[in-house]
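Please read the structure below before turning to the comments.
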Amino acid sequence: MTNQDAAYRLALFDREFLLSPAMRGVRLQVECAKADEALRAWGVRSTIVVFGGSRVREDGPGDQPRWYAEARAFGRIASERGGALQPVAGVRDHVIATGGGPGIMEAACRGAHDVGAPAIGFNIRLPQEQAPNPYTTPALTFQFHYFAIRKLHLAMRARALVVFPGGFGTLDELFELLTLRQTGRLGPVPIILVDEGYWRGLIRWEALEEAGMIAPGELALLRFAGDAETAWHAIAAALPIQLSR
């Protein structure tokens with residue numbers, strides 16, 4: 001045996017071994033722990049998660065400029081009034097957290113950036129690489145390989161979820177957290193859908209209850225808001241802590 005044989009390599013430096021199927025559980029744990037340690041170092045105790053379409057543009061067609069402007073305004077309002085801008089005893093609450101990409105995610109992070117507050121970007125590695133938007137805080141800009149770990153971090157500190165118009169990815173994240181909320185795994189996290197016309201045009205929510213697919217009253221897990229200010233007031237009314245209005 002020589003020191004070049006695979007068996008003799010230190011496991012820590014054996015790339016082939018670490019990337020093997022046998023080590024998938026370890027990779028999941030490492031990916032989770034890395035982001036967790038960075039968030040702890042910044043004192044991030046809770047977040048407000050903002051979802052929305054990555055294709056929305058500030059100068060885009062139709063309602064896109066309005067959606068972008070409201071997401072940016074919400075990022076600013078939540079950062080100013082929720083505790084992210086002024087930590088208490090080193091703890092930051094209600095930090096804006098997004099998927100880290102363009103569109104609505106960029107707009108919400110930009111609003112936080114406008115007032116000097118941190119913004120978290122939970123980016124995912126994709127075949128067509130998604131570059132982080134320029135408004136996430138560099139030390140809080142992460143890249144994940146596993147969707148499951150990314151979803152875990154989006155959910156585990158969330159105190160509220162604000163969802164702007166979006167496509168398949170937005171719907172995936174919305175229903176993921178809505179299911180956790182329905183089953184009591186997420187706690188009393190308010191879920192706010194911005195632009196009621198868009199969401200009611202996309203989904204006839206009442207059909208779920210009419211067909212017996214959800215329990216009576218579970219539609220109350222969803223709330224609608226027309227703009228950033230209304231979304232913030234819905235969160236402030238729902239959370240069991242004192243927020244600046």
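All figures in this text were calculated on a predicted structure; none of them were measured in a lab. Atom set for the values below is all heavy atoms of this structure, side chains included, hydrogens, waters and symmetry mates excluded.
- Between atom CG of residue Asp14 and atom CZ of residue Arg9 there is a gap of 5.0 Å, rounded to the nearest 0.5 Å.
- The hydrophobic cluster containing Phe147 does not contain Val26, counting ILVMFWY residues as joined when their side-chain heavy atoms lie under 4.5 angstrom apart, directly or transitively.
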Item to check | Arg27 and His145: CA distance, side-chain angles, deciding distance, side-chain contact (heavy atoms from CB on, under 4.5 Å) verdict | outcome: CA-CA 9 Å; Arg27 295 196 301 274; His145 174 72; over 6 Å; no
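- Both Trp199 and Met213 are members of a single hydrophobic cluster when ILVMFWY side chains are connected at heavy-atom separations under 4.5 Å.
- In this structure, Arg92 contributes its side chain and Ala84 its backbone to a donor-acceptor pair below 3.5 Å.
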Item to check | side-chain contact (heavy atoms from CB on, under 4.5 Å) between Trp42 and Val95, worked out | outcome: CA-CA 11 Å; Trp42 267 71; Val95 178; over 6 Å; no
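- Put simply, CD1 on Ile96 and CZ on Arg76 are 11.5 Å apart, with the number rounded to the nearest 0.5 Å.
- Here the side chains of Cys32 and Leu152 are in contact, with some heavy-atom distance below 4.5 Å.
- Heavy atoms only, all atoms of each residue included: Thr137 and Pro118 are closest at OG1-CA, 3.2 Å.
- Residues Glu176 and Arg150 are not paired through a salt bridge, judged by the lack of any N-O separation under 4.0 Å between the basic side chain and the carboxylate.
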Item to check | Stepwise side-chain contact (heavy atoms from CB on, under 4.5 Å) check, Leu178 with Leu161 | outcome: CA-CA 9 Å; Leu178 188 57; Leu161 171 64; over 6 Å; no
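- Two residues are said to be in side-chain contact when any heavy atoms from C-beta on lie closer than 4.5 Å; Leu208 and Glu218 fail this criterion.
- Looking only at side-chain heavy atoms (C-beta outward), Glu106 and Val56 stay at 4.5 Å or farther from each other.
- Using cut-offs of 30° and 60° for the angle between ring planes, the Phe144 and Phe122 rings count as tilted.
- Judged by distance alone, the side chain of Glu209 and the main-chain N or O of Leu219 form no donor-acceptor pair under 3.5 Å.
- Linking Ile, Leu, Val, Met, Phe, Trp and Tyr residues whenever their side-chain heavy atoms come within less than 4.5 Å leaves Tyr135 and Val44 in two separate clusters.
- The 12-atom threshold is exceeded at CZ of Arg57, counting heavy atoms of other residues, nucleotides or ligands nearer than 6.0 Å.
- Using a 4.5 Å heavy-atom cutoff, the side chains of Val189 and Val49 are not in contact.
- Using a 4.5 Å cut-off between side-chain heavy atoms of Ile, Leu, Val, Met, Phe, Trp and Tyr, with links allowed through other members, Leu140 and Val115 fall into different hydrophobic clusters.
- More than 12 heavy-atom neighbours from other residues, nucleotides or ligands sit within 6.0 angstrom of CZ on Arg66.
- Other residues, nucleotides and ligands place more than 12 heavy atoms under 6.0 Å from the CD atom of Glu210.
- Distance check: Tyr68 OH to Asp59 CG gives 9.5 Å after rounding to the nearest 0.5 Å.
- Thr98 contributes no side-chain N or O that, together with a main-chain N or O of Gly121, makes up a donor-acceptor pair within less than 3.5 Å.
- Within 6.0 Å of the CD atom in Gln29, the count of heavy atoms belonging to other residues, nucleotides or ligands does not exceed 12.
- Once rounded to the nearest 0.5 Å, the distance linking CD1 of Ile192 with CZ of Phe164 reads 10.5 Å.
- Contact of the Phe51 side chain with the Leu177 side chain is registered, since non-hydrogen atoms from C-beta on lie closer than 4.5 Å.
- When atom types are taken as modelled, the side chain of Arg15 and the backbone of Leu12 share no donor-acceptor pair closer than 3.5 angstrom.
- Of the options Val162, Leu174, Leu186, a side-chain contact (heavy atoms from CB on, under 4.5 Å) to Ile191 is made by Leu174 and by none of the others.
- No path of Ile, Leu, Val, Met, Phe, Trp and Tyr side chains, each step under 4.5 Å between heavy atoms, connects Val91 with Leu85, placing them in separate hydrophobic clusters.
- One distance of note links CD1 of Ile235 with CZ of Arg81; it measures 11.0 Å at 0.5 Å rounding.
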Item to check | Worked check of side-chain contact (heavy atoms from CB on, under 4.5 Å) between Glu173 and Lys151 | outcome: CA-CA 8 Å; Glu173 301 291 0; Lys151 289 174 181 286; 3.6 Å; yes
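- To the nearest 0.5 Å, atoms CZ (Phe142) and CD1 (Ile120) are separated by 7.0 Å.
- Salt-bridge annotation for Glu206 and Arg200: present, with a side-chain N of the basic residue lying under 4.0 Å from a carboxylate O of the acidic one.
- When all heavy atoms of Asp36 and His153 are compared, the closest pair comes out as N-CE1, 3.6 Å.
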